[in-house]
Amino acid sequence: MTEPTVVGFICDWSVDLKPLTEGGHLRELPHVRIIRVPCSGFVRPSWLEETLTRGAAGVFVTGCPYGDCLNREGNFLMRDRIEQLQRRLQRRRVDPARLGMLAFGLHDGPGFLAQVKAFVERIASLPAPAPARGGRPTVAQPAAASEGDAS
Amino acid sequence: MSTATTDQATGRYARSMTALLRGTLRLDVWINRVYPTDFNPLYYTGGLSNLFLLTLVLSGIFLFFYYEASLGSAFASIQYLTERVPYGGVIRGVHRYAADGFIVGILLHLFRNWFTDRYLFARDNPWISGMFLLLFAGFVGVTGYQLVWDERAQLLTTLVVAMLYSIPAAGQGLVHLLLGGVGVSDTTLVRLLYLHIGPASALYVFLWWHYLRLRHPKIWPPGVWTLFCVGLVFLLAGVIPVTQDAIPPSAPAARPTQFPMDVFFMLPFWLMNILPAGGVVALLVLLFVGGLAIPYLSRRETPAQMEVRHAGVAQVVDGNCTGCELCYYDCPYNAIVMVPSPGPGLTKAAANRTLLAVVIESRCVECGICIGACPFEALELPKLMERDVLNQVNLAMQT
């Protein structure tokens, strides 16, 4: 398997994953691993950062269509948080294209797959792979994380 | 009823609700192909109703200044308003069509939130206040038709009185209260005017209750939809004037037996063709009580059967909370309140805190949005903790 791993955090209420997945990854794109979350807004930006640090080539979050979040605001909040994280990581020379926010409804499986494919292709065309550092980075500790957020 | 039949009935209900949910979301996919998702009108049914309500209030204030609440001059004052006052007829039409739009908006809002499960568990508060909003809106609509005091109003009043009489024990008293005496008199119209404006004002009290547990409620549709709806109402008022039915004024001798229908407000009165008055009253009461009971009785299945994750109410990790209020601003249900901190936290960032976040359990829907908001690891869902997620990330990276 030469293709680099991509991790997706997917809201329970958005795309129906039953026909698309097989043992924790997408059937059509086996290098895209899936983690289910109760709402896209549940995802803490530091986890996305952590996933990249542990060697993932890219990470994306999927929520309901904008305006139709079951919990009213989760996907808007997540979109903003991902934009912030992209700006923050750009200063550390991580390409913003490695982070993505998608929004698809329960029955929009084909559209979802198409956009994931586009996301993966975009990452594959990026020049340098994400710098993989071993171990838990210092930024994940609470005090340091606060400085990261304030900056 | 045996348990088996109950299960069967619940199963049928659950299946039909699932089908309705699928239908609603399919419709969304189609609409989203035409509009960007931020402009899907079905995402703004509540805001659209609110827009129509404001239109109603503004046009209603205008109409109020010309209305005379007495048997002899009520119809004449409305005729004067429609024919002599500049744009009076248009404003009257706006008031009529905005009311129809209001009811349509409320019903769409009700069905959409019903079919997409947005009333379950801790979210019963907007649902209950919404049922009261619907009840009051219907009542205000009927009294509005009575105020015109033409033959339709006369017949409507007769039907309302018949419905009230059919209520056991209290009926007679209620009729006396409504008419202000044993029969229709000038007092009746004064009471009707109050029963039109009083409950309409009460709608705003219920709206306050409706929004009470929602942070950043979407109270207004996007600008283009505001323009479109206001324009549509004015266009309808101009193209189909409300006077086109030409209903004669009410006269004591007249015995009207039929009137032009308004499907949005007159449905109960149409039902009186086939049901006795008492039956219609019982049906309305049943619908209202059933509506109130929906969040409590209609849980289709257990959360496990619905394959809903039961993550547990969010818990604040006292030692890590810095009192930064980020979760408080992001919680969509106002379930997090900030209280004065009883003491310093354990971490360096939390050492100088003045506030502490507290989760109100009865309002929490276990969505986890506060977890994403917290950069200090001070909130956790008990059954899906941060270390579980990071374990899953590890697992995904290994395989």
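Within every chain, numbering begins at 1; the chains are lettered A, B, ... in the order of the sequence lines, protein sequences first and strands thereafter.
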Legend entry - Check: Pro65(A) and Asp28(B) side chains under 4.5 Å, non-hydrogen atoms: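 They are not in side-chain contact.
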Legend entry - Test item: Thr116(B) and Trp13(A) side chains (from C-beta on) under 4.5 Å apart, heavy atoms: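 Answer no - side chains too far apart.
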Relative to chain A, which segment of [X] carries a heavy atom at a distance below 4.5 Å: side chain, backbone, both, or neither?
X         : result
Cys374(B) : both
Leu381(B) : side chain
Pro36(B)  : neither
Ala350(B) : neither

Whether over 12 other heavy atoms sit under 6.0 Å from [X] [atom1]:
X         : atom1 : result
Tyr211(B) : OH    : yes
Asp80(A)  : CG    : yes
Glu83(A)  : CD    : yes
Phe206(B) : CZ    : yes
Glu325(B) : CD    : yes

Closer than 3.5 angstrom, by distance alone: can the side chain of [X] be matched with the main-chain N or O of [Y] as a donor-acceptor pair?
X         : Y        : answer
Arg123(B) : Asn71(A) : no
Lys218(B) : Gly67(A) : yes
Arg215(B) : Glu73(A) : no

Inset, instruction - Mind ranking Val29(B), Val365(B), Val389(B), Thr322(B) by heavy-atom pairs under 4.5 Å with chain A and telling me who comes out on top? - result: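 Heavy-atom pairs under 4.5 Å are most numerous for Val389(B).
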Rounded to the nearest 0.5 Å, how far apart are [atom1] of [X] and [atom2] of [Y]?
X         : Y         : atom1 : atom2 : result
Phe42(A)  : Glu366(B) : CZ    : CD    : 12.0 Å
Leu25(B)  : Leu106(A) : CG    : CG    : 5.5 Å
Arg44(A)  : Glu386(B) : CZ    : CD    : 4.5 Å
Asn32(B)  : Tyr66(A)  : CG    : OH    : 12.5 Å
Arg112(B) : Asp68(A)  : CZ    : CG    : 4.5 Å
Trp47(A)  : Leu390(B) : CH2   : CG    : 7.0 Å

Inset, instruction - Would you check, one step at a time, whether the test side-chain contact (heavy atoms from CB on, under 4.5 Å) holds for Asp330(B) with Arg81(A)? - result: CA-CA 12 Å; Asp330(B) 280 359; Arg81(A) 287 175 198 158; 2.9 Å; yes
Legend entry - Minimum-distance pair of heavy atoms, taken over all atoms of Pro38(A) and Leu384(B):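 Closest approach of Pro38(A) to Leu384(B), heavy atoms only: CD-CD2, 3.5 Å.
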With a 4.5 angstrom heavy-atom cut-off, which part of [X] approaches chain B: side chain, backbone, both or neither?
X         : answer
Phe104(A) : neither
Val59(A)  : neither
Leu70(A)  : both
Val7(A)   : side chain

Legend entry - Electrostatic pair Arg22(B):Asp16(A) at N-O distance under 4.0 angstrom: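 No.
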Legend entry - Given Ser40(A), Cys39(A), Cys69(A), the one that forms side chain to side chain contact (heavy atoms under 4.5 Å, CB included) with Cys367(B):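 The passing option is Cys39(A).
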